[in-house]
Structures are given as structure tokens and as C-alpha cells.
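Here's the structure we're looking at; comments come further down.
These numbers were taken from a predicted model, which means no experiment stands behind them.
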Amino acid sequence: MSIRILLVDDHTLFRSGLRLLLQRQPDFEIVAEAGDGVEGLKRAKELKPDVVLLDLNLPGLSGLETLQLLVQDLPSCAVIILTVSEEADELGQALRDGARGYLVKNIDAEALTSAIRRAAGGEPVIAQSMTAKLVEQFRGQAQAGAQPAGQGERQRLTARETQIVQYLARGASNKVIARELDVSESTVKIHVQNVLKKLNLTSRVQVAVYAVEHGLHVEE
């Protein structure tokens, strides 16, 4: 089945180039384009795409405001922020608001198409450089007085679930986690569901943010 994609960006030339690039992929279908957040929301509600590629810097309704409304109205849609901004604050806020991914516009074509497929499959996709910035941001907050995870938080998770959280923080897929831990993918899926339930979270991206915030992130 094709992955149905909506492009939301106020730069017409960039959208045109992106459309041409993505249309070369046999499993991608560009269902519509929009030059602002209001039009993007309208088109998303009409067409219900699988993936929305969303710029942060939009006229009128901001990218983050558009993201919040997209997640609220179309929770099954994977919204990927595709922007020039490499600010850790905007990354963290986008992930908290429900973005499935955060990529910068200097990404190469192969990495972008791979990220779209992974996001459509439910995986978080975050530029490696941005992941490092997110970790540094939370480290800075901790040094400034933010509280790390308490023993009570850790006790809520089993040792295996903590391992799962650490892999999710690195953006690993269920297949990769299963291979690394020598268990079945169905077992990993159950662990992920248990982690989400225990932490009262709704997505793998939120688990990744939680891991960094609470000192459970382990760098590769």
C-alpha cells in the first residue's frame, strides 16, 4: 500500500522540489500541498494522509500550533517536522506536542525517504544531530536544578522494560530491539505496551523524551 503524504511549507519552490523527489518513490503518494497551517489542517482533515511533512515557520498559524491541532484531530497521522531550525527548545516542544519526528532540511534524499517509511510504521524519527542537542538540553536542565528520575520512577519499570526504554530513546525499531535482546518482536511489542501504560504515555517518541528527561538515556 502507498504511504499518503501531505506537504505543508510556505516556500513554493521547496515544496515543488520535495514533491518531485518523493514522487520518484513507488510507495509514496503526494495527496496535497499547503502553504500555511490553516490550509494544511483543512487538507489533512479532508484527505487523512498517513504522513504530514510540516515546516515550523509558517505564516499565520505557527508550525507548532498546526502540529497540536493535527495531533488532536488526526491522532493516527504521523507528523514529521521538516525545518531549518536546529534549536533544541523547538525540538523538545515538538516532541511533547506529539510530533512523530523532527528532521532538518539539509537531510539527504535517502535518509528522508527512509525516515518517512519508518514514521509511517510507527517509529520516531529524529535527526541524529538533534538527538544530541536534546540530550545536552536536558543535561543542562539537570545541572540547573531539574530533578532526575527518582527511585520510585525506576521501580515502576522492570529491568527489561528499562532496557526497552533505553532502546526507544535511541529510536530503535522493534525488530532491532528484538535482535539486540535476542527475543521475539512480539515480546518487544508487549514490553513497549507495558512501558506506555506504566508511564501513562501514548507514543514511542514520548518515551524517548521521558528517558532523556529522567536520566534513562544511554548514548550509543
Do the side chain of Thr187 and the main chain of Val183 share a donor and acceptor less than 3.5 angstrom apart? no
Answer yes or no: is there a donor N or O on one side and an acceptor on the other, between the side chain of Asp97 and the main chain of Gln68, under 3.5 Å? no
Would you please say whether a donor-acceptor pair under 3.5 Å links the side chains of Asn174 and Glu185? no
May I ask you to test the Thr66-Leu58 pair for a side-chain heavy-atom distance under 4.5 Å? yes
Within this structure, what is the NZ-CD1 distance for the pair Lys175 and Ile177, rounded to the nearest 0.5 Å? 13.5 Å
Quick check: does any side chain N or O of Glu161 sit under 3.5 Å from a backbone N or O of Thr158, one acting as donor and the other as acceptor? yes
Starting at OG1 of Thr83, measure out to CG of Leu53 and round the result to the nearest 0.5 Å. 12.0 Å
side-chain contact (heavy atoms from CB on, under 4.5 Å) test vs Val8 passes for just one of Asp55, Leu54, Val79, namely Leu54
State whether the side chain of Gln25 and the backbone N or O of Leu22 hold a donor-acceptor pair below 3.5 Å, judged by distance alone. no
So, the side chain of Arg43 versus the backbone of Val38: is there a donor-acceptor pair under 3.5 Å, distance only? no
Is a donor on one side and an acceptor on the other found under 3.5 Å between the side chain of Arg100 and the backbone of Ala119? yes
Exercise: do Arg160 and Gln163 side chains pair donor with acceptor under 3.5 Å: yes
Under the criterion side-chain contact (heavy atoms from CB on, under 4.5 Å), I'd like the reasoning laid out for Val176 against Glu123: C-alpha separation, chi angles, the key distance, then a yes or no. CA-CA 12 Å; Val176 169; Glu123 295 181 35; over 6 Å; no
